[in-house]
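Both ligands and their constituent atoms are indexed starting at 1 by order of listing. Just so you know, these numbers come straight off a predicted model, no measurement behind them. Scope of the values below: all heavy atoms of this structure, side chains included, with no hydrogens, waters or symmetry mates.
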Amino acid sequence: MITVSAYNCSRRNLSSSLLFPLFKSQARRQPLSSFTSSTTRNHHPSAVSTPFPRPRCYHPTPKLTKLKISQRAIFADKMGLTVKATIASFGGKLFKLSHPSTSTGTDMAVNIYLPPSALKSPGTKVPVLIYLSGLTCTPENCSEKGFFQHGASKRGLAVVYPDTSPRGLNLPGEKDSWDFGEGAGFYVDATQEPYKKGYNMYSYITSELPKVLFGDEEFGKYLDSERVSITGHSMGGHGALSLYLKNPGMYKSVSAFAPIANPCECAWGKKAFGGYLGEENKEEWKKYDSTDLIKGEAWRGNKDARVLVDVGTGDNFYKQGQLLPENFEKAVKEAGVEGVTVRYQEDYDHSYYFMASFSDDHVDHAAKYLGLL
Ligand SMILES: N[C@@H](CCC(=O)N[C@@H](CSC=O)C(=O)NCC(=O)O)C(=O)O
C-alpha cells in the first residue's frame, strides 16, 4: 500500500507519481472548461433539472494555475482528494482517497474505481455509479467483496464508494451502538444536538461529494457528472432509494440490495430518525422514507421509475421486519408507479455473498440507463 502524507499531495506530484501510470501517460492536460461541453444523454423522463451543477461553477481548482506553487499546495491540501493507495482490480484501478469535508467537519474516506476503458482513453469521461454502504461499513467493505468492479470493468463505468458517517468527531454516545452514530449516518442531515454538528450525510452525498469528485483536477477528467446512478445495501439501500426519490433527475436510475425500505416503521429507522431528526418530528422522518416519498407528487403515476430491488428470503433482518420491502411495493402500487422491480431471491441472506451474487445485475441495471447498454 502506498501511503502519502497530505503535505506531499499537491496536484503536481499527484500526476507524476501517485497515479502513475494513469495520469503520467496523459501528457496533455484537459482544461476543466471542457466539462461544460459534454452533452446530456438518456434524459430521464421525470428529470426536472440538470443533475449536478457544472464543476466549473463551484470548484475553484482551475484558478490553481494562477496561484504560486506554495499557495497551490495549501489550497489543494484543503480542497482536494488525497490518494492513499492505488490498487489494480479487474483491469482497472481502485483508488483509496480522502478529503476534508465541510458537511461533516472531518476528513472523509472515499474509494473510486476507474474501469479499464477510462484508463485507456484519457479524456473520455465514464458514467458513475455511487454505491452507499450499510451499517458498520467503510468504503472498504464493498470495494473488497461486493464484486461491483467485475461488472463495472465490463460495462465501462466508474464506481464511487463513500463512507457511511463522519468519523472522529467524538460526540457523546456516538460509538455506543453499531446501528446509530459512527458507521450509521443513515444519509440524513441531523437536526438534533449533538449530531447536527457533523451527521449531514444527505448533503455530503448529494451536494459536497459530487463537487469534490467532478471538480477534481485529476479525477474530474474521468467522471461524467451528467451520467450518474446510485445503488446501495441495507442502510445504504435506504440511502440510495431515498436520495433518488427526493431528487428526481439527479440520478439516472437506482437499485438496492435489502434496503431499509420503510425506516419510519422499523426499529433501525425509528432509532436513527429519532436520534438525528428528533423523536417528535415524524413529518421530517417521512421526508427520508422511500415508502412515503414514492407516494409523493413527484412520483405519483410515473411510468418509468427505473428502480431495481433485491431482497434475500433467508435474510434475518428481513425476517425481523427491519427492511419492509412489501410496504414499499404496496406504496408503489397505490401511487400507480411503474418501472419498479422488487425481486425476492430464494435463500439468500443479508451478507456480501448475496451482494456479490447479484452485483452484475445491478451494474447492468445502471448501465442501461447510463447509456452503456
Ligand atoms: N453487528 C454486525 C452486523 C452488522 C451488519 O450486518 N451490517 C451490514 C449492513 S446491515 C444494514 O445496514 C453490513 O454490510 N456489514 C458489513 C459486512 O461486511 O458484512 C456487525 O457489526 O458486523
Side-chain angles (χ1 to χ4, degrees), residues 89 94 96 109-111 113 129-150 159-167 173-188 190 195 199 201-202 204-205 230-244 254-276 285 288-291 309-325 327-328 342 344-345 347-359 362:
S89 177
L94 182 82
K96 297 191 176 189
V110 57
N111 291 352
Y113 176 69
L129 179 60
I130 298 173
Y131 170 85
L132 301 183
S133 226
L135 293 165
T136 73
C137 290
T138 69
E140 311 307 335
N141 298 66
C142 193
S143 311
E144 287 178 3
K145 57 185 180 177
F147 281 79
F148 274 76
Q149 282 111 242
H150 176 260
V159 188
V160 172
Y161 302 97
D163 207 345
T164 49
S165 77
R167 292 179 194 273
E174 195 185 11
K175 293 185 186 176
D176 290 355
S177 50
W178 65 274
D179 54 4
F180 183 81
E182 216 169 85
F186 264 85
Y187 307 101
V188 301
Y195 296 99
Y199 278 73
M201 291 301 290
Y202 174 77
Y204 174 69
I205 300 292
I230 192 161
T231 184
H233 171 230
S234 197
M235 175 186 72
H238 139 71
L241 285 174
S242 59
L243 267 49
Y244 177 78
V254 66
S255 72
F257 294 86
I260 304 170
N262 191 186
C264 289
E265 298 301 329
C266 74
W268 276 341
K270 287 177 186 172
K271 180 173 176 179
F273 286 5
Y276 295 134
W285 294 22
Y288 293 101
D289 187 315
S290 301
T291 295
V309 173
D310 272 319
V311 181
T313 63
D315 181 331
N316 284 331
F317 293 132
Y318 168 53
K319 293 177 193 171
Q320 289 161 13
Q322 296 282 22
L323 310 180
L324 304 173
N327 292 5
F328 180 68
V342 180
Y344 292 86
Q345 305 289 2
D347 284 347
Y348 283 90
D349 64 14
H350 200 72
S351 74
Y352 275 82
Y353 291 109
F354 164 53
M355 302 269 293
S357 303
F358 298 101
S359 53
H362 287 240

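Taking 4.5 Å as the limit, some side-chain heavy atom of P166 sits within range of a side-chain heavy atom of M201. With contacts defined as side-chain heavy-atom distances shorter than 4.5 Å, the pair Y199/E174 qualifies.
Protein heavy atom closest to atom 11 (C) of ligand 1, with residue, atom name and distance, is S234 OG, 2.2 Å. Atom 19 (O) of ligand 1 has Y352 CD1, 3.7 Å as its closest protein atom, hydrogens excluded (heavy atom only). Of the protein's non-hydrogen atoms, the one nearest atom 22 (O) of ligand 1 is T136 OG1, 4.0 Å. The protein heavy-atom contact nearest to atom 4 (C) of ligand 1 is W178 CZ3, 3.4 Å.
At least one N or O atom of L135 sits closer than 3.5 Å to an N or O atom of ligand 1.
Contact atoms of ligand 1 toward C137: 13 (C), 14 (O), 15 (N), 16 (C) (distance under 4.0 Å to a heavy atom of the residue). Close contacts between ligand 1 and H350 involve ligand atoms 10 (S), 11 (C) [criterion: under 4.0 Å to a heavy atom]. Atoms of ligand 1 found under 4.0 Å from any heavy atom of N141, numbered from 1 in the order shown, are 16 (C), 17 (C), 18 (O). Near F317, meaning under 4.0 Å from any of its heavy atoms, are these atoms of ligand 1: 6 (O). Within the listing of ligand 1, atoms 11 (C), 12 (O) sit less than 4.0 angstrom from a heavy atom of M235. Every atom of ligand 1 with a heavy atom of H233 under 4.0 Å away is listed here by number and element: 14 (O).
At a heavy-atom cutoff of 4.0 Å, ligand 1 is contacted by no atom of S133, backbone or side chain.
The two residues T313 and K319 make their nearest non-hydrogen contact at O-CE, 3.4 Å.
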Steps toward side chain to side chain donor-acceptor pair (under 3.5 Å) verdict (S143, N111): CA-CA 8 Å; S143 311; N111 291 352; 3.0 Å; yes
Worked check of ring-ring contact (aromatic ring centres under 6.0 Å, His included) between Y113 and F148: CA-CA 9 Å; Y113 176 69; F148 274 76; over 10 Å; no
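The number of heavy-atom neighbours closer than 6.0 Å to OH of Y344, taken from other residues, nucleotides and ligands shown, is above 12. The local environment of NZ in K175 is sparse, with at most 12 non-hydrogen atoms from other residues, nucleotides or ligands closer than 6.0 Å.
Residue-ligand proximity: K145 is placed with a non-hydrogen atom under 4.0 Å from ligand 1. Residue contacts with ligand 1 do not include S351, since none of its heavy atoms lies under 4.0 Å from the ligand.
Of the residues L132, L324, L241, T231, the one that meets the side-chain contact (heavy atoms from CB on, under 4.5 Å) test with P259 is L241. The ring pair (Phe, Tyr, Trp, His ring centres under 6.0 Å) test with H350 is passed by exactly one of F317, F257, Y318: F317.
Checked against a 6.0 Å centroid threshold, the rings of Y288 and F186 do not count as neighbours.
Contact annotation for atom 2 (C) of ligand 1: protein absent (non-hydrogen atoms, distance under 4.0 Å).
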